[in-house]
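So the structure is just underneath, and the comments pick up after that.
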Amino acid sequence: MTITAPTVTTTAGVPSRRSTRAHSRAAGIFYLLTFASSIPALILLAPVLNDAAYVTGAGQDTRVLWGCLLDTVNALTAIASAVAVYSVVKRQNGGMALGFVTSRLVEGAVVMIGVVSLLAVVTMRQDYAGSGADPASLTVTANALVSVRDWTFLFGPGLMPVFNALLFGTLLYRSRLVPRLIPSIGLVGAPLLFAAFVANLFGIFDQVSTGSFFLTLPIAAWELSVGLWMTFKGFRPEAVAALEARDAA
């Protein structure tokens, strides 16, 4: 007697779409974490960024260390957001998806250079201030390290989101994974942010100023809206199905 095992049927595409939902949720959460970490970090780092004599003063090292930790979270979650969504958006365009991951990696790396620079200032204040070292030399060195961080803040969060928005926004707009209004905000905001970057680079106005605020607002709105949508709504099922059909073709 021959015994035939029962055949288990599954709905085509369901495991893949569940996985896609998990990827979109993870990417959305990471996007939101960049907001939750970067804004408090900027506030916590104010003493070392704004006090030219920080290295020879009493200092607020614990506060600065917390700010550096939050900036590290910002760098890591920026990278994670691109990695989480890569397997989905590469179906639309593999080159652009890889470019998005790369731009996020560069952004995170530049932010970490700034973090290390500020940690060096904290180390100098703790180990050398009051030890007989020349206060003027300490101040010059510390201020140079703070200047390094200021430049990383411009070339990291001030420039790389231009490329992030152009790459990821284009992928989402073409694939219709989210409503087209959301990536449209990013595609409009990218050139405005680049204009702010150029203005900051040549000293037309400061990176933390009213002019910069209005030019960077669309990019902030884009990143917040896409983060919220991916977290709570996920990618549109019909768009995911279309990408799966393209892969199967």
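One-based numbering along the sequence shown.
The cluster map of Ile, Leu, Val, Met, Phe, Trp and Tyr, joined by side-chain heavy atoms under 4.5 Å apart, puts Val146 and Val122 in the same cluster. Each of Ile79 and Val162 belongs to its own hydrophobic cluster when Ile, Leu, Val, Met, Phe, Trp and Tyr are linked at side-chain heavy-atom distances under 4.5 angstrom. Grouping the Ile, Leu, Val, Met, Phe, Trp and Tyr side chains by contacts below 4.5 angstrom, directly or via other members, places Phe30 apart from Leu224. Residues Leu33 and Met160 do not share a hydrophobic cluster, clusters being chains of Ile/Leu/Val/Met/Phe/Trp/Tyr side chains in contact below 4.5 Å. If you chain together hydrophobic residues whose side chains sit under 4.5 Å apart, Leu201 and Val110 fall into the same group.
Only one option out of Val55, Val121, Asn143 pairs with Leu138 in a side chain to side chain contact (heavy atoms under 4.5 Å, CB included); it is Val55.
Within the model, atoms OG of Ser81 and CE of Met230 stand 7.0 Å from one another, a figure rounded to the nearest 0.5 Å. Leu171 contributes atom CG, which lies 6.5 Å from atom CD of Gln92 (distance to the nearest 0.5 angstrom). A distance of 12.0 Å separates CZ of Arg176 from CG of Leu243, quoted to the nearest 0.5 Å. Annotation: the span from Asn164 atom CG to Phe100 atom CZ amounts to 5.5 Å, rounded to 0.5 Å. Once rounded to the nearest 0.5 Å, the distance linking CD of Glu238 with CG of Leu177 reads 9.5 Å. The CG atom of Leu32 sits 10.5 Å away from the CD atom of Glu223 when rounded to the nearest 0.5 Å.
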Exercise for review: Go through the steps for Val226 and Leu172 under the test side-chain contact (heavy atoms from CB on, under 4.5 Å), then give the verdict.
Suggested key: CA-CA 10 Å; Val226 76; Leu172 293 182; 3.7 Å; yes
Check your understanding: Yes or no on side-chain contact (heavy atoms from CB on, under 4.5 Å) for Ser117 and Thr152, after CA distance, side-chain angles and deciding distance?
Key -> CA-CA 10 Å; Ser117 297; Thr152 62; 5.8 Å; no
Exercise for review: Report the C-alpha separation of Trp151 and Val148 in whole Å, then their side-chain angles, then the decisive distance to 0.1 Å, and conclude whether the side-chain contact (heavy atoms from CB on, under 4.5 Å) test is met.
Suggested key: CA-CA 5 Å; Trp151 283 112; Val148 170; 5.9 Å; no
Practice item. Apply side chain to side chain donor-acceptor pair (under 3.5 Å) to Ser212 and Asn200, showing your working. Key: CA-CA 8 Å; Ser212 288; Asn200 300 152; 3.1 Å; yes
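The closest donor-acceptor contact from the side chain of Arg125 to the backbone of Gly57 lies under 3.5 Å. Side-chain N or O atoms of Arg104 include one that pairs as donor or acceptor with a backbone N or O of Ala78 at under 3.5 Å. Side-chain N or O atoms of Trp229 include one that pairs as donor or acceptor with a backbone N or O of Gly234 at under 3.5 Å. Under a 3.5 Å cut-off, the side chain of His23 and the backbone N or O of Val85 do not form any donor-acceptor pair. Without hydrogens or angle criteria, Asp206 side chain to Ser209 main chain gives no donor-acceptor distance under 3.5 Å. Using a distance-only test at 3.5 Å, with no hydrogens or angles considered, a donor-acceptor pair links the side chain of Asn50 to the main chain of Ala46. Without hydrogens or angle criteria, Arg91 side chain to Ser175 main chain gives no donor-acceptor distance under 3.5 Å.
Arg180 pairs by the side chain to side chain donor-acceptor pair (under 3.5 Å) definition with nothing, not counting sequence neighbours.
Side chain to side chain, Asp134 and Tyr128 fail the donor-acceptor criterion of an N or O pair below 3.5 Å.
Ring pair Trp222/Tyr31 is perpendicular by interplanar angle, where above 60° counts as perpendicular and below 30° as parallel.
Counting heavy atoms from C-beta on, the side chains of Leu118 and Leu49 come closer than 4.5 Å. Inter-residue side-chain proximity for Val198 and Phe202 is flagged as met; some heavy-atom pair is nearer than 4.5 Å. The shortest distance between side-chain heavy atoms of Arg174 and Met96 falls below 4.5 Å. Residues Phe194 and Leu159 are in side-chain contact: their nearest non-hydrogen atoms beyond the backbone lie under 4.5 Å apart.
Heavy-atom minimum distance, Ala165 versus Gly186: CB-O, 3.6 Å. Closest non-hydrogen pair, Gly156 versus Pro161, comes out as O-CD, 3.2 Å. Shown here for Thr170 and Leu187, the closest heavy-atom pair between the two residues is OG1-CD2, 3.7 Å. Minimum interatomic distance between Gly94 and Tyr86 (heavy atoms only, all atoms of both residues): O-CE1, 4.5 Å. The two residues Pro183 and Pro179 come nearest to each other via the heavy atoms CD-O, 3.0 Å. Between Pro218 and Ile185, the shortest heavy-atom contact is O-CG2, 3.4 Å.
Atom CZ of Phe205 has more than 12 neighbouring heavy atoms from other residues, nucleotides or ligands inside a 6.0 Å radius.
Close placement of the Phe155 and Phe197 rings is indicated, their centers lying within 6.0 Å of each other.
In this structure, Arg149 forms a cation-pi arrangement with Phe153, its terminal cationic atom sitting closer than 6.0 Å to the ring centre and no more than 45° off the ring axis.
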Pairs of donor and acceptor atoms involving the side chains of residues 62-76, under 3.5 Å and at least two apart or interchain, shall be tabulated with distances.
| from | atom 1 | to | atom 2 | distance (Å) |
| --- | --- | --- | --- | --- |
| Arg63 | NE | Leu44 | O | 3.1 |
| Arg63 | NH2 | Ile43 | O | 2.7 |
| Thr72 | OG1 | Cys68 | O | 2.9 |

